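Take a look at the structure set out below.
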Amino acid sequence: MNKGLINPGELVDISVNLGGVKMKNPVAVASGTFGYGREYEDFINLSSIGAIIVKGTTLEVRNGNKPPRVAETPAGMLNAIGLENPGIDKFLTEYLPYLNQKGATVIANIAGNTIEEYAAIASRIESCQGIAAIEMNISCPNVKQGGLQFGTNPETVMRVVAAVKSETSLPVIPKLSPNVTDIVEIAKAAEAGGADALAMINTLLGMAVDIKKRQPVLGNIFGGLSGPAIKPVALRMIYQVYKEVKLPILGGGGIMNYQDALEFIMVGATAVSIGTGNFVNPHIAGDVAQGIQQYMEENHIKNINELVGIAVK
Amino acid sequence: MNKGLINPGELVDISVNLGGVKMKNPVAVASGTFGYGREYEDFINLSSIGAIIVKGTTLEVRNGNKPPRVAETPAGMLNAIGLENPGIDKFLTEYLPYLNQKGATVIANIAGNTIEEYAAIASRIESCQGIAAIEMNISCPNVKQGGLQFGTNPETVMRVVAAVKSETSLPVIPKLSPNVTDIVEIAKAAEAGGADALAMINTLLGMAVDIKKRQPVLGNIFGGLSGPAIKPVALRMIYQVYKEVKLPILGGGGIMNYQDALEFIMVGATAVSIGTGNFVNPHIAGDVAQGIQQYMEENHIKNINELVGIAVK
Amino acid sequence: MPSVGKGLVIGHHQVSDDMYEIEFILPAMSAECEPGQFVHIMPDMDNGPLLRRPLSLYDVDKKSGSITLLYKVVGQGTRLLTRVRNKDYVDVMGPLGRGFSLPGVAQNVLLIGGGVGIAPLIYLARALKELGCNIKVLYGTGTRSELVVFDKLRQIGVEIMPATMDGTVGYKGLVTDLLADKVNPSEIDFIYTCGPEPMMAGVAQFAKQNGIPGEASLEEHMACGVGACLGCARKLKAEDQHYIKVCKDGPVFSFAEIDF
Amino acid sequence: MPSVGKGLVIGHHQVSDDMYEIEFILPAMSAECEPGQFVHIMPDMDNGPLLRRPLSLYDVDKKSGSITLLYKVVGQGTRLLTRVRNKDYVDVMGPLGRGFSLPGVAQNVLLIGGGVGIAPLIYLARALKELGCNIKVLYGTGTRSELVVFDKLRQIGVEIMPATMDGTVGYKGLVTDLLADKVNPSEIDFIYTCGPEPMMAGVAQFAKQNGIPGEASLEEHMACGVGACLGCARKLKAEDQHYIKVCKDGPVFSFAEIDF
Ligand SMILES: Cc1cc2nc3c(=O)[nH]c(=O)nc-3n(C[C@H](O)[C@H](O)[C@H](O)COP(=O)(O)OP(=O)(O)OC[C@H]3O[C@@H](n4cnc5c(N)ncnc54)[C@H](O)[C@@H]3O)c2cc1C
Ligand SMILES: Cc1cc2nc3c(=O)[nH]c(=O)nc-3n(C[C@H](O)[C@H](O)[C@H](O)COP(=O)(O)OP(=O)(O)OC[C@H]3O[C@@H](n4cnc5c(N)ncnc54)[C@H](O)[C@@H]3O)c2cc1C
Ligand SMILES: Cc1cc2nc3c(=O)[nH]c(=O)nc-3n(C[C@H](O)[C@H](O)[C@H](O)COP(=O)(O)O)c2cc1C
Ligand SMILES: Cc1cc2nc3c(=O)[nH]c(=O)nc-3n(C[C@H](O)[C@H](O)[C@H](O)COP(=O)(O)O)c2cc1C
Ligand code: FES
Ligand code: FES
């Protein structure tokens with residue numbers, strides 16, 4: 001970097017608008033990796049984070065999958081938490097107020113078994129204050145479609161997004177599953193359903209084997225692969241979608257430092273999300289935001305939007 | 001491991017039959033990572049390898065993609081070689097005889113732009129001696145289908161496999177692309193087309209960004225992700241296919257040691273292939289075969305087939 | 001309050017075939033440490049495995065601001081940790097979790113450790129000693145050379161009863177057999193245990209049968225270590241609906257809470 | 001014949017801000033080494049990056065069976081390599097590639113190195129000296145402290161003309177300017193060069209203009225290092241259809257083959 005040219009007085013703007021969500025910086029923490037915020041309060045100032053996307057929340061309480069639920073893999077990890085959560089009502093009454101009081105920018109993450117469930121959760125959220133947007137996890141098995149994920153069928157994606165949109169005035173951000181043949185088709189379906197932004201990517205479906213026990217490591221057999229291992233796939237999908245779809249993108253998958261975040265921004269992400277990285281460095285969100293700001297100062301980039309998609313040909 | 005129980009005199013059988021291909025041990029080297037064998041002759045005895053799957057070969061000579069063609073990623077690498085190869089005729093007359101003379105078990109790997117090209121290559125091979133099987137790389141863009149990969153459409157998969165089968169008496173092993181929503185559907189299509197075995201997985205489509213240059217690292221923008229990073233995805237797909245499809249599986253993706261190979265065997269692979277691992281350890285194929293043999297001796301497993309699919313529930 | 005920081009390594013040495021002791025300086029963290037809590041450590045800041053590794057507080061010196069860990073080399077992370085040298089920095093998060101409960105008044109306590117499970121019982125013993133407790137430690141390993149903490153225990157001043165599987169020192173056999181054979185339940189007010197699950201199960205059974213309260217320290221694979229990922233889930237009793245999180249709700253639980 | 005093996009490190013030290021010299025013993029490999037070839041090295045056998053790193057033969061002592069490399073720390077792999085200690089083993093594959101061609105009779109040769117590109121020219125100088133050549137070395141770096149190979153060059157007994165960008169020693173400016181300013185083309189039979197591409201381009205241009213034959217050592221990102229992966233492809237001339245492989249067809253190419 002151009003150390004010689006640093007001008008610390010120079011003002012750079014790292015705030016972004018992600019489809020209606022005003023973020024003070026482009027770095028969010030990803031759903032399921034930051035609990036409900038409180039778990040990390042001793043390590044990072046919650047109000048300084050671009051957005052806190054809370055743990056995936058369903059209509060009713062869920063107990064989650066049987067352990068083991070996590071396993072390490074080369075440059076990655078598998079998780080099969082199984083959406084353990086207290087249910088939307090308890091989230092709104094017991095967890096949200098704390099985050100609001102701390103001044104955090106909160107994005108809810110919702111999941112359901114049916115389109116009706118998604119809509120029902122959205123309408124409960126609509127009746128509350130203090131949530132900046134709804135992220136829709138559409139990588140859950142769709143009961144009505146025989147367990148195939150919502151996120152893998154364009155028609156279903158469009159319908160579930162539209163159903164949520166009709167229940168809320170908040171920005172709606174479907175989170176795309178990477179386990180598909182054609183991510184652009186899915187992104188277009190989400191756009192057609194009325195999405196305000198896209199979050200990508202969720203985890204790749206994977207597994208690990210315990211060769212001593214001669215059985216899968218995870219209690220659930222399969223789990224979601226996250227961490228640096230999946231970064232190349234995430235970047236590719238965001239690149240593809242950025243070229244074809246106009247919606248702003250919340251990009252993530254394996255971000256461990258500000259350089260990784262810049263890769264995502266350069267292929268078209270307006271903001272980034274950090275998941276597994278929180279487990280390694282509990283104040284990573286702040287470090288990455290600061291790194292981006294410093295990079296911009298050193299490279300005389302006044303507005304972060306100048307960088308968004310700059311590597312896309 | 002049960003060191004106390006080792007009985008070095010005990011005979012274990014690690015030879016396998018992969019859909020008609022007799023392999024002296026279950027460890028093959030993967031296409032595109034071992035050249036035409038000669039490149040590694042100083043490092044490993046070519047006749048000791050379970051099977052050498054040679055570089056992907058097309059009807060005509062191809063010059064390949066513009067550099068940079070390779071990039072390292074966390075626990076993985078991206079390649080965009082672009083199927084550089086001398087064409088099927090030159091392979092058969094100039095490269096194959098050397099491998100035969102060395103006593104290697106050779107599997108050809110073929111690729112084409114159209115179904116007719118695949119069939120034409122298969123028929124050229126049919127007229128030659130010294131090839132044990134044909135592996136079909138169906139992850140190439142299908143010109144007739146507007147560039148979508150052959151391997152992502154079940155109908156096309158069935159037809160291209162059937163076309164090759166009709167031109168050859170050799171075992172035919174389609175190599176499945178992991179960049180699909182439903183790998184089982186593709187595997188079943190390959191089975192319907194008459195495949196004798198399945199090879200899985202090929203690389204995941206990915207990319208990397210050079211943040212200094214603010215452009216993609218690879219000359220081709222996208223490349224194939226290989227190495228340990230993709231192992232969890234490979235294991236999961238093989239597990240899924242093993243449960244639903246009867247064909248023997250040649251499994252690979254990130255194998256770096258015999259423990260990794262055992263994971264693949266336990267989720268249903270009859271044999272394994274090593275790609276990127278050759279670059280790290282040029283005699284890895286021998287090391288892995290030996291490690292499997294020792295594991296079997298120590299665990300009193302007489303026939304490797306006892307382990308195939310043992311972790312599948 | 002837990003924190004994350006870089007500890008300056010001031011001592012690191014092998015104490016048995018596969019066990020090491022590492023001591024580092026982190027005054028702010030050290031000041032917060034309670035017996036039974038753990039730290040989440042990065043074996044290598046630049047390379048190596050992705051996730052942190054949970055290791056119990058083995059000894060803490062709040063005066064010098066140091067924390068000592070005792071670890072067994074079992075895989076990639078602990079193997080990498082052995083490479084850390086004096087004057088290097090290790091990246092540590094902690095203290096985390098809910099530790100052992102300490103008695104309000106001096107009691108007769110029994111500490112039962114198996115293998116590297118002895119680690120958290122050392123710092124615990126130090127704390128109990130300060131409270132004036134009368135401490136007996138049963139410590140089981142495979143063989144004499146694995147009994148690594150004698151010096152610490154002697155220095156703290158506790159009664160030690162070793163058990164080795166091969167009888168090279170102390171009782172020959174399982175530490176749970178030693179417990180059944182040699183301990184008079186009526187002399188014990190509270191039991192603390194850490195070690196392999198079958199051992200802790202045996203200890204808990206003994207405690208329940210004799211109406212002695214006590215606590216055990218559990219292990220589960222972890223990602224975050226702070227209750228955020230819900231990865232280290234476990235049912236304490238078979239009939240439970242709810243999964244507790246070992247990192248946040250534990251790692252220490254009372255015998256009454258757990259069915260092994 | 002190339003091989004793969006573990007070399008016992010007998011020397012490893014920092015020679016400038018960001019450059020290190022590492023020497024290891026591998027007699028069988030050492031015996032095969034020709035100037036201009038390279039080895040493919042694993043910075044860390046257990047961890048660290050996936051792929052090997054190509055490094056030129058900097059010096060080779062066939063009598064003691066040692067190989068020495070000179071490397072600059074640029075990224076994860078070279079950073080990890082710095083941690084290797086004396087008596088450790090490094091995992092090395094080599095010698096690989098096509099090296100410099102050596103003259104049949106003693107000649108007046110000019111060696112031009114820039115930065116860490118000086119590395120392969122040292123072992124080359126040693127070989128040329130044995131052939132009785134008259135050797136002049138132009139060596140350009142940013143500043144005095146980066147001129148790290150003087151001792152080796154003096155020991156071999158060659159004429160050295162340094163150039164530094166800041167003029168702290170020798171010619172002030174680019175080594176290509178030094179070449180144009182101070183070298184009489186008619187006194188040179190052959191030129192060897194290694195360094196940044198713009199520098200080598202300048203050297204090749206000078207050579208062609210003056211009808212002097214010569215060779216340059218190229219770099220390209222590599223996976224296998226042996227011609228198997230087709231990763232290190234490069235067109236030598238813009239109009240070429242075919243891509244050469246730097247690892248197998250090179251890394252050394254004649255000026256006649258390359259258009260920079
Ligand atoms: C609260 C707690 C306290 C602990 N205290 C100690 C201690 O003081 N001394 C000590 O030697 N060990 C202790 N352990 C176990 C220690 O965490 C593991 O031995 C260590 O994580 C193994 O890492 P590895 O990379 O060497 O092994 P690998 O097997 O390569 O690790 C692979 C993955 O599995 C996890 N893992 C493997 N074994 C365990 C285990 N037993 N418990 C939890 N996670 C595991 C690792 O953290 C890693 O994520 C403790 C575990 C817990 C949960
Ligand atoms: C034939 C040949 C000889 C070389 N000889 C020397 C030498 O004697 N001394 C020396 O200091 N350097 C030499 N280099 C360059 C050296 O290989 C790179 O500096 C080194 O690979 C960087 O690795 P890294 O992990 O530190 O950097 P990173 O940037 O983290 O490496 C990332 C990836 O890019 C590759 N890479 C990065 N830079 C280069 C480069 N310039 N050339 C090839 N691959 C690169 C790495 O191998 C790795 O795969 C040589 C390169 C080649 C091709
Ligand atoms: C332990 C864990 C739990 C997760 N839970 C959720 C969830 O509840 N809802 C969701 O949409 N994504 C969930 N994710 C996915 C992450 O939000 C993120 O998309 C993914 O991990 C990729 O980013 P990363 O590589 O930075 O972790 C979870 C990931 C992890 C590791
Ligand atoms: C440099 C390189 C070139 C490859 N070329 C081919 C090819 O020509 N045909 C093919 O079917 N697969 C090709 N592959 C894919 C490998 O055969 C293998 O399926 C993949 O790399 C996953 O295995 P690995 O993780 O062990 O490398 C190539 C892989 C690499 C790394
Ligand atoms: S390790 Fe994340 S909740 Fe316990
Ligand atoms: S690095 Fe593989 S061909 Fe050159």
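Labels below follow one simple rule: chain letters A, B, ... track the order of the sequence lines, proteins then strands, and each chain is numbered from 1. Every value quoted in this text rests on a predicted model; they were computed, and no experiment measured them.
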Just wondering, are more than 12 heavy atoms of other shown residues or ligands nearer than 6.0 Å to [atom1] in [X]?
X         : atom1 : result
Lys24(B)  : NZ    : yes
Gln241(D) : CD    : no
Gln14(D)  : CD    : yes

Contact class of [X] relative to chain D, heavy atoms under 4.5 angstrom:
X         : value
Tyr36(B)  : neither
Pro228(B) : side chain
Asn79(B)  : neither
Thr73(B)  : neither
Asn65(B)  : backbone

Side chain proximity check, [X] to [Y], heavy atoms < 4.5 angstrom:
X         : Y         : answer
Leu230(D) : Lys55(B)  : yes
Glu41(B)  : Met1(D)   : no
Leu50(D)  : Glu72(B)  : yes
Phe34(B)  : Cys229(D) : no

Heavy atoms under 4.5 Å from chain D: which residues of residues 231-238 of chain B carry them? none
Tell me the residues of residues 88-103 of chain B whose non-hydrogen atoms fall below 4.5 Å from those of chain D, in number order. none
Identify which part of Ile41(D) has an atom lying under 4.5 Å from any heavy atom of chain B, answering side chain, backbone, both or neither. neither
Given heavy-atom pairs under 4.5 angstrom as the criterion, report whether the side chain, backbone, both or neither of Arg234(D) touches chain B. backbone
Give, for atom CZ of Phe43(B) and atom CE of Met93(D), the distance between the pair rounded to the nearest 0.5 Å. 3.5 Å
NE2 on His221(D) to CG on Leu218(B), rounded to 0.5 Å: 11.0 Å
Looking only at heavy atoms, which of residues 56-89 of chain D get nearer than 4.5 Å to chain B? none
Close contacts, residues 243-260 of chain D versus chain B, judged by heavy atoms under 4.5 Å: Tyr243(D), Lys245(D)
Atom of Pro67(B), atom of Glu220(D) and distance for their closest heavy-atom approach: CB-OE2, 4.4 Å
Can Met222(D) and Val70(B) be said to form a side-chain contact (heavy atoms from CB on, under 4.5 Å), step by step? CA-CA 7 Å; Met222(D) 294 182 176; Val70(B) 292; over 6 Å; no
